[in-house]
Amino acid sequence: MQENKEEIKRKSQRETTASPNHFIRKLVSEDLKKVAQGGHLVTRFPPEPNGYLHIGHAKSICLNFELAREFEGRCHMRFDDTNPSSETAEYVSSILEDVRWLGYDWGEHLYNASDQFPPLYDLAIKLIQLELAYVCDLSSEEIFQKRGTLTEPGENSPYRDRSIEENLTLFEQMKAGAFAPGKRVLRAKIDMASSILPMRDPILYRIVDTPHHRTGRDWSIYPMYDFAHCLTDALEGVTHSFCTLEFTDHRPLYDWLLEKLDFHDPPKQTEFARLNLSHTVLSKRILKQLVERGHVSGWDDPRMPTISGLRRRGYTPKSIRDFCEGIGVAKRDSTIQMARLEFSVREHLNSAAPRAMAVLNPLKVIITNYPEASVEKITAINNPEDELQGTREVPFTREIWIEREDFLENPPKKFFRLAPGREVRLRYAYLVTCQNVLKNADGEITEVHCTYDPETRGGNAPDGRRVKGTIHWVSTSHAHDAEIRLFDVLFNVEDPMTSDPNSDFTAHLNPGSVEILKQAKLEPSLMESEGEQTFQFERMGYFIKDRDSTAERSVWNRTVTLRDTWAKTQTKAGRKI
RNA sequence: UGGGGCGUCGCCAAAUGGUAAGGCAGCGGCCUUUGGAGCCGCCAUUUGUAGGUUCGAGUCCUACCGCCCCAGCCA
């Protein structure tokens with residue numbers, strides 16, 4: 001009974017931590033209360049299809065979809081595809097796949113800003129008729145010059161007071177493709193002296209002659225973000241429009257357009273701080289450069305902070321969702337440490353990942369008193385954290401591979417793995433004692449000879465003697481060769497973009513971000529692995545089979561290491577084994 | 001030096017004006033057939049600074065300091 005209470009207390013505490021009542025959740029909750037009846041929440045995730053999604057987008061995806069689920073509303077998936085010159089159908093499909101993989105379903109609510117081009121055009125005409133928009137013939141340089149500066153007001157365009165009729169005709173001609181790109185734009189007539197730059201007669205439509213991935217050549221004019229975003233939000237019936245801090249200055253324009261175009265119950269924009277992660281970069285532009293310049297193998301390189309990269313790395317959707325929920329939502333600029341992301345994936349994988357034994361850097365061990373032809377089936381637990389995952393049989397023989405770092409001829413204090421004369425436990429199998437070491441001409445250890453205690457099958461000594469060290473192993477005659485890729489941070493500084501303003505960010509690229517081991521030995525059960533299953537290789541970390549695997553040879557990516565207090569101790573002692 | 005946003009522990013992040021939650025990291029210890037996991041304990045006399053109001057201030061007022069964003073026909 002007492003135990004139960006404590007357990008309940010612990011659980012509720014955990015839940016409280018996992019669901020912080022951040023300011024957006026509170027705001028939604030309050031807003032929904034205000035609307036007398038039927039107040040419901042409609043959010044949206046509105047990416048531009050001009051790159052792959054990264055962990056920063058995941059924060060927004062989780063925010064919008066989780067809030068919708070929590071308040072029994074809905075979340076729209078919408079492509080902000082108003083700029084055909086940088087958008088492609090390939091990006092569209094990668095984005096849909098990533099959002100789906102993260103575990104979210106937009107149901108029927110898949111939209112495109114481009115679907116709204118006709119009504120958007122009509123709304124622009126309405127604005128012209130309201131004398132709140134005009135066609136401007138100034139060149140982009142002239143517009144720039146007349147915009148003023150941060151401290152000085154701008155000046156009115158000489159085309160600002162054209163008649164409604166002239167504006168209508170010109171705008172129609174723009175749409176008809178009568179002018180070259182850059183020749184004319186449609187502008188809102190607001191205030192060239194506004195201290196809010198986006199309010200200085202912002203451009204609403206521009207001429208673009210690149211074909212659009214969805215509408216082809218149907219249009220020669222395209223709406224700008226500021227015009228399209230608020231209106232598509234309103235047209236879709238979105239109630240809450242969450243975006244990052246840099247759009248704060250655009251909110252007056254967002255509200256202005258909605259008000260002038262007479263939308264009732266307009267959507268409300270609220271800004272929150274975007275995610276920054278240490279030791280990497282979360283900018284589509286920079287990520288694209290890493291891909292194009294060949295610093296990584298692609299958008300889904302396991303070192304990339306992209307959703308597809310994390311997926312290939314072995315991260316689970318749940319671990320990413322938990323991460324996003326756990327870091328909170330606020331307005332202050334912040335950078336989450338990579339260790340926090342790693343914590344999330346370890347936490348999930350610890351309970352979910354099946355265990356297996358794999359030797360990354362093999363060293364041969366011969367158990368001299370073990371019968372040569374014998375093959376024993378050793379029972380191993382698949383996941384000590386989850387009984388339901390059951391057990392499996394692992395073949396044990398006279399010759400096995402152990403981890404090279406698990407044997408030391410001259411062990412330091414507190415090293416309780418194998419060493420001359422020392423006894424260790426072979427995980428789930430037997431206690432063995434090192435009797436002898438063989439070396440090659442260079443003095444490298446090539447073979448370790450041990451004897452085993454036949455009375456210790458399973459790993460326990462009948463006489464009750466205690467053995468501190470347990471190491472993992474793989475039978476040499478049953479082992480499968482594999483290539484293993486170990487990853488480290490892509491950049492060796494916390495913030496690659498500002499650590500050294502004088503150098504290119506590529507100067508901070510970590511030359512050791514990937515290490516390839518080609519001699520790894522895997523226990524046979526791993527060969528049956530199919531699909532995206534991340535395993536824990538006991539004592540070594542979490543690993544997932546990469547798509548580069550072939551029928552003959554598998555390739556595995558290390559997702560993350562296990563917490564390693566021994567390594568930490570060694571580092572502190574300034575020693576390396 | 002125009003406007004906007006923001007300053008609470010190394011990193012995140014809570015706190016109707018009522019006496020600074022929690023997580024990550026770190027550090028000690030227990031336990032352990034993964035040096036994993038788990039468990040226990042420690043880790044902000046103080047909220048950018050300086051004043052003020054108040055019985056009482058992270059919360060209110062004033063001034064100052066610092067960081068971020070805005071001058072794309074990008075989003």
Side-chain angles (χ1 to χ4, degrees), chain A residues 13-14 16-18 20-22 46-48 50 80 82-83 85-87 136 138-140 143-145 147-154 181-187 193-200 202-208 222 224-226 228-229 243-252 271 273 278 284-285 326-344 346-347 350-351 355 357 381 384-385 414-417 425-429 431 458-460 467-472 494 536-541 561-570:
Chain A
Q13 197 170 11
R14 215 174 288 151
T16 307
T17 310
N21 212 11
H22 54 70
E48 181 188 15
N50 66 346
D80 233 336
T82 57
N83 182 9
S85 48
S86 58
E87 299 155 4
C136 182
L138 256 24
S139 68
S140 65
I143 289 178
F144 167 75
Q145 251 132 39
R147 187 149 30 217
T149 68
L150 294 178
T151 53
E152 296 157 329
K183 289 302 179 194
R184 283 184 172 80
V185 291
L186 181 74
R187 293 229 254 170
S194 175
S195 53
I196 303 158
L197 267 31
M199 295 296 269
R200 316 239 267 225
I203 292 168
L204 268 19
Y205 267 90
R206 77 291 211 185
I207 299 166
V208 178
Y222 290 86
M224 296 288 288
Y225 166 86
D226 284 312
H229 203 89
C243 62
T244 44
L245 255 24
E246 66 269 28
F247 292 102
T248 306
D249 290 344
H250 295 244
R251 179 154 29 92
E271 311 84 18
S278 75
K284 274 195 263 187
R285 196 185 103 249
I327 56 174
V329 180
K331 293 192 93 140
R332 105 180 56 148
D333 290 318
S334 63
T335 300
I336 307 302
Q337 294 175 335
M338 190 60 89
R340 181 61 185 75
L341 215 211
E342 294 182 340
F343 163 78
S344 290
R346 281 195 192 102
E347 188 185 46
N350 176 51
S351 60
R355 269 80 291 206
M357 291 196 284
I381 295 167
E385 305 291 318
K414 299 244 181 94
F415 179 86
F416 35 81
R417 278 114 97 150
R425 176 168 31 241
L426 295 176
R427 179 82 159 152
Y428 298 124
L431 300 184
N460 286 309
V467 173
K468 185 99 168 136
T470 300
I471 64 175
H472 58 100
E494 283 209 7
Q536 181 192 112
F537 289 177
E538 295 219 28
R539 307 205 305 131
M540 304 311 287
T561 59
L562 255 28
R563 266 184 70 220
D564 190 347
T565 51
W566 170 243
K568 217 173 275 174
T569 309
Q570 289 304 286

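Note on naming: letters A, B, ... go to the chains in the order of the sequence lines (proteins, then strands), and numbering restarts at 1 for each one.
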Residue A:Ala330, side-chain atoms from C-beta onward, closest of B:C73, B:A13, B:G5: B:A13
Candidates B:A37, B:C24, B:C69 - which lies nearest the side chain of A:Phe343: B:C24
Nearest-Å distance once atom C1' is located in both B:C12 and B:U19: 25 Å
Backbone of A:Ile196 reached by a side-chain donor or acceptor of A:Ser194 within 3.5 Å: yes
Distance between C1' atoms of B:A21 and B:A13 (Å, rounded): 9 Å
Nearest to side-chain heavy atoms of A:Glu385, which nucleotide of B:G35, B:C70, B:A37: B:A37
Short side-chain N/O contact from A:Arg539 to OP1 or OP2 of B:G35, under 4.0 Å: yes
Nearest listed nucleotide, side chain of A:Arg340, among B:G2, B:C70, B:C24: B:C24
Listed nucleotide nearest any side-chain atom of A:Thr470, set B:G3, B:C68, B:G35: B:G35
Minimum-distance nucleotide to A:Thr82 side chain [options: B:G5, B:G4, B:A75]: B:A75
Glycosidic conformation of B:G22, taking syn as within 90° of 0 and anti otherwise: anti
Shortest side-chain distance from A:Pro384, nucleotide among B:G72, B:U34, B:A75: B:U34
Distance, C1' atom - from B:U49 to B:G35, rounded to whole angstrom: 47 Å
